[in-house]
Amino acid sequence: MHDKVLILGGGVAGCAASIALARKGRNVVLIEREPTPRHKVCGEFLSGEALVDLHALGLDVAALGAVPIDSVRLAAARRAAEAPLPFPAASLTRRALDSALIAQAVAAGVQVERGRSVQALSRTPANLWQATLDDGATHEASTAFLATGKHDLRGHARPKDPQQWVAFKMYFRLAPGQAAALAGASELMLYPGGYGGIQPVEGGIANLCCVVQRRHLARAGYRWEGFLAKMQRECPHLAMRLHGAEPLLARPIAITHIPYGYIRRTTENGLYCIGDQAAVIPSFTGDGISIALHTARCAAAAYLASVPAPVFQARLRSALLFQMRLAELAADGLNNSFARAVLPFCLRVWPGVMRVTAALTRVAQHSAVDPQVAVS
Ligand SMILES: Cc1cc2nc3c(=O)[nH]c(=O)nc-3n(C[C@H](O)[C@H](O)[C@H](O)COP(=O)(O)OP(=O)(O)OC[C@H]3O[C@@H](n4cnc5c(N)ncnc54)[C@H](O)[C@@H]3O)c2cc1C
């Protein structure tokens with residue numbers, strides 16, 4: 001029982017932690033509520049750090065069809081500025097990424113239970129963690145990893161999102177000229193109340209992923225069609241990209257409640273919180289997957305070195321704090337009408353700023369929580 005580890009949620013963080021623990025001989029049970037990987041709201045940008053971690057987990061993203069991304073463009077109103085990325089990057093659909101991660105977990109010997117949803121996580125009188133599944137079945141272990149991403153378990157909820165963010169993702173087949181113009185680039189577009197990104201993914205298609213505060217969505221009648229038209233009016237660069245484009249999903253995928261800037265302060269003994277359950281970085285950084293992989297790797301290392309979960313969680317928080325606060329500051333800047341007006345112009349004059357911001361808002365590999373340091 002003491003060697004058994006429960007991992008709740010089989011997305012990026014849950015799979016990464018389960019692979020790391022299974023490779024060290026632990027008896028790992030991973031519970032994932034979706035029977036098969038599906039589309040998730042995500043810009044699908046893989047930063048350099050994410051690529052390093054995925055490679056270490058045994059994933060060959062190029063073989064999965066990942067598209068190399070080497071530059072970033074920022075567009076607001078009628079201006080756009082471009083800068084080369086200061087690190088290698090790629091894009092890959094979450095469906096492809098999550099499928100490959102689950103397959104890798106199975107290959108590492110993880111007992112994967114798919115299509116099973118955790119309804120509750122509680123303590124037994126014997127001080128074990130008990131996960132109760134939707135059919136009433138239970139799993140018990142002395143250690144659990146909470147990796148349910150955007151979804152909170154009752155009793156373990158993250159704070160409310162005061163800005164009431166709403167996020168959408170839609171795939172498009174762009175007109176040939178626009179697809180060629182977008183090739184190799186990740187484009188960030190600013191508009192009142194939010195921002196969006198468009199970039200190529202495998203299969204010759206493009207992913208448009210955008211966030212907006214609920215009160216701004218209200219002005220578009222809470223409808224995707226109205227919001228898409230409003231974004232294009234406010235950001236003609238996007239209108240140009242989508243001219244002649246064919247939407248590929250019947251309707252966009254949407255989520256609400258995104259507590260940007262959240263970093264978990266503490267946890268209980270034996271419960272390691274990872275991925276979006278540990279920290280939620282503003283999406284424009286394209287660093288959430290990297291943080292999910294990083295927190296999973298650090299939590300697995302901490303558990304293996306017998307670092308208590310509350311000690312790990314506090315150290316992880318300090319390690320991520322600077323990057324998170326900087327990303328939040330930058331996000332506030334993007335949301336300011338004066339900044340929207342002058343940013344592309346400034347970036348054209350001094351494109352280095354974009355590279356510096358991109359580099360500073362990365363989760364640095366050196367900010368790993370060294371378990372040996374954590375115990376001493
Ligand atoms: C609009 C937007 C755009 C983004 N764009 C990017 C980007 O371009 N690049 C980037 O790096 N990051 C991006 N992110 C962030 C990134 O998507 C997340 O940070 C990352 O997916 C977190 O990984 P995770 O493992 O914590 O959660 P997830 O990958 O979401 O995995 C959680 C898993 O838990 C499962 N689950 C949930 N509840 C239960 C339950 N009760 N029982 C069992 N299983 C459960 C879910 O089905 C899911 O598979 C973006 C986020 C948003 C909101």
Across all chains, not counting sequence neighbours, the salt bridge (Lys or Arg N to Asp or Glu O under 4.0 Å) partners of Glu187 are Arg73, Arg241
Could you check whether any side-chain heavy atom of Val118 comes within less than 4.5 Å of a side-chain heavy atom of Thr132, counting everything from C-beta outward?
no
Whether the Thr267 and Gln313 side chains hold a donor-acceptor pair (N or O, under 3.5 Å, no angle test) is what I'd like checked.
no
Closest approach of Ala300 to Ala20 (non-hydrogen atoms, all atoms of both residues)
CB-CB, 3.8 Å
Sub-3.5 Å donor-acceptor pair from the side chain of Ser18 to the main-chain atoms of Ala105, do we have one?
no
Are Leu329 and Val280 connected in a single hydrophobic cluster, I mean Ile/Leu/Val/Met/Phe/Trp/Tyr linked by side-chain heavy atoms less than 4.5 Å apart?
no
Hey, does the side chain of Thr285 reach the backbone of Ile281 with a donor-acceptor pair shorter than 3.5 angstrom?
no
Dump the intermediate steps for side-chain contact (heavy atoms from CB on, under 4.5 Å) on Tyr195 and Cys210, then the final yes or no.
CA-CA 6 Å; Tyr195 52 84; Cys210 37; over 6 Å; no
Please check: side-chain N/O of Glu44 versus main-chain N/O of Arg94, any donor-acceptor pairing under 3.5 Å?
yes
Quick one: CG on Leu30 to CG on Leu6, what's the gap to the nearest 0.5 Å?
10.0 Å
In terms of hydrophobic clustering (I, L, V, M, F, W, Y; side-chain heavy atoms under 4.5 Å; direct or indirect links), are Val41 and Val212 co-clustered?
yes
When you look at Leu85 and Asp70, which way does the side-chain contact (heavy atoms from CB on, under 4.5 Å) test go after all the steps?
CA-CA 5 Å; Leu85 275 171; Asp70 49 35; 5.8 Å; no
Verify same cluster id: Val311, Leu321 (apolar side-chain graph, 4.5 Å):
yes
Between Ala22 and Val110, what is the shortest heavy-atom contact and its length?
CB-CG2, 3.6 Å
Could you tell me whether Lys4 and Glu140 make a salt bridge, using a distance below 4.0 angstrom between a side-chain N and a carboxylate O?
no
Do Val5 and Asn27 come close enough that some side-chain heavy atom pair is under 4.5 Å?
no
Pairing donors with acceptors under 3.5 angstrom, does anything connect the side chains of Gln232 and Glu234?
no
Test salt bridge (Lys or Arg N to Asp or Glu O under 4.0 Å) applied to Arg38 - qualifying residues, sequence neighbours left out:
Glu34
Any donor-acceptor pair under 3.5 Å linking the side chain of Ser91 with the backbone of Pro200?
yes
Closest heavy-atom pair and its distance - Ala96, Glu202:
CB-OE2, 3.5 Å
Under the criterion side-chain contact (heavy atoms from CB on, under 4.5 Å), I'd like the reasoning laid out for Ile7 against Val29: C-alpha separation, chi angles, the key distance, then a yes or no.
CA-CA 6 Å; Ile7 311 256; Val29 178; over 6 Å; no
Shortest non-hydrogen contact from Asn269 toward Trp129
O-NE1, 3.1 Å
For Val67, the other hydrophobic cluster members (4.5 Å side-chain criterion, sorted by chain and number) are none
Interatomic spacing from CG in Leu190 to CG in Leu74 - rounded to 0.5 Å
4.5 Å
Do Ile102 and Thr36 touch side chain to side chain, with heavy atoms closer than 4.5 Å?
no
Report the distance from atom CD1 of Ile263 to atom CG of Leu316, rounding to the nearest 0.5 Å.
8.0 Å
Any ring pair (Phe, Tyr, Trp, His ring centres under 6.0 Å) involving residues 225-252? Give me the pairs, sequence neighbours left out, ordered by first then second residue.
Phe168-Phe227, Tyr191-Phe227
Among all residues two or more places apart in sequence or in another chain, which pass the side chain to side chain contact (heavy atoms under 4.5 Å, CB included) test with Ala179?
Leu174
Sub-4.5 Å side-chain heavy-atom contact between Arg114 and Pro37:
yes
Any donor-acceptor pair under 3.5 Å from Glu32 side chain to Gly10 backbone:
yes
Can you confirm whether Arg123 is buried at CZ, in the sense that more than 12 heavy atoms of other residues, nucleotides or ligands lie under 6.0 Å from that atom?
yes
Closest heavy-atom contact between Arg173 and Gly204?
NH1-O, 3.8 Å
Among all residues two or more places apart in sequence or in another chain, which pass the side chain to side chain contact (heavy atoms under 4.5 Å, CB included) test with Glu328?
Pro282, Arg325
In the hydrophobic cluster built from side-chain contacts under 4.5 Å, what are the other members alongside Leu64?
Val12, Ile19, Leu46, Leu51, Leu54, Leu57, Leu59, Val61, Leu92, Leu97, Leu101, Ile289, Leu293
Does the side chain of Pro192 come within less than 4.5 Å of His216's, by heavy atoms?
yes
Under 3.5 Å, is there a donor-acceptor pair linking the side chains of Arg264 and Gln277?
yes
Ser71: which residues meet the side-chain hydrogen bond (donor to acceptor under 3.5 Å, both in side chains) condition with it, sequence neighbours left out?
Glu82
Using the rule given for side-chain hydrogen bond (donor to acceptor under 3.5 Å, both in side chains), can you reason through Gln119 versus Asp134, listing the C-alpha separation, both sets of side-chain angles and the distance that settles it, and then say yes or no?
CA-CA 6 Å; Gln119 298 294 302; Asp134 39 8; 4.9 Å; no
First locate atom CZ of Arg116, then atom CD of Glu113, and finally report the distance between them rounded to the nearest 0.5 Å.
5.0 Å
If the condition is salt bridge (Lys or Arg N to Asp or Glu O under 4.0 Å), which residues does Asp276 pass it with, not counting sequence neighbours?
Lys150
Any side-chain donor-acceptor pair under 3.5 Å between Asp287 and Gln323?
yes
Arg251 NZ/CZ over Trp224 ring centroid, <6.0 Å and within 45° of normal:
no
Once you round to the nearest 0.5 Å, how far does CD of Gln199 lie from CG of Asn207?
6.5 Å
Assess, by modelled atom type and distance only, whether the side chains of Ser283 and Tyr260 contain a donor and an acceptor separated by less than 3.5 Å.
yes
Quick check against the 3.5 Å criterion: does Asp161 have a side-chain atom that pairs as donor or acceptor with the backbone of Ile258?
yes
Using the rule that Ile, Leu, Val, Met, Phe, Trp and Tyr join whenever any side-chain heavy atoms are under 4.5 Å apart, tell me whether Ile255 and Met170 fall into a single cluster.
yes
Restricting to pairs with a member in residues 136-158, which pass ring pair (Phe, Tyr, Trp, His ring centres under 6.0 Å), not counting sequence neighbours?
Phe145-Tyr272
Answer yes if Ile205 and Met240 sit in the same cluster of Ile, Leu, Val, Met, Phe, Trp and Tyr residues linked by side chain heavy atoms under 4.5 Å apart, and no otherwise.
no
Once rounded to the nearest 0.5 Å, what's the spacing between atom OG1 of Thr93 and atom CG of Asp98?
9.0 Å
After noting the C-alpha distance and the side-chain angles of Arg317 and Phe312, does the key distance pass the side-chain contact (heavy atoms from CB on, under 4.5 Å) rule?
CA-CA 9 Å; Arg317 180 183 161 82; Phe312 158 76; over 6 Å; no
Taken in chain and number order and not counting sequence neighbours, the residues that satisfy side chain to side chain contact (heavy atoms under 4.5 Å, CB included) with Ala147 are Ala13, Ile274
Set of residues satisfying salt bridge (Lys or Arg N to Asp or Glu O under 4.0 Å) with respect to Asp152, sequence neighbours excluded
Arg158
Restricting to non-hydrogen atoms, name the atom on Pro259 and the atom on Pro159 that form the minimum distance, rounded to 0.1 Å.
CB-O, 3.8 Å
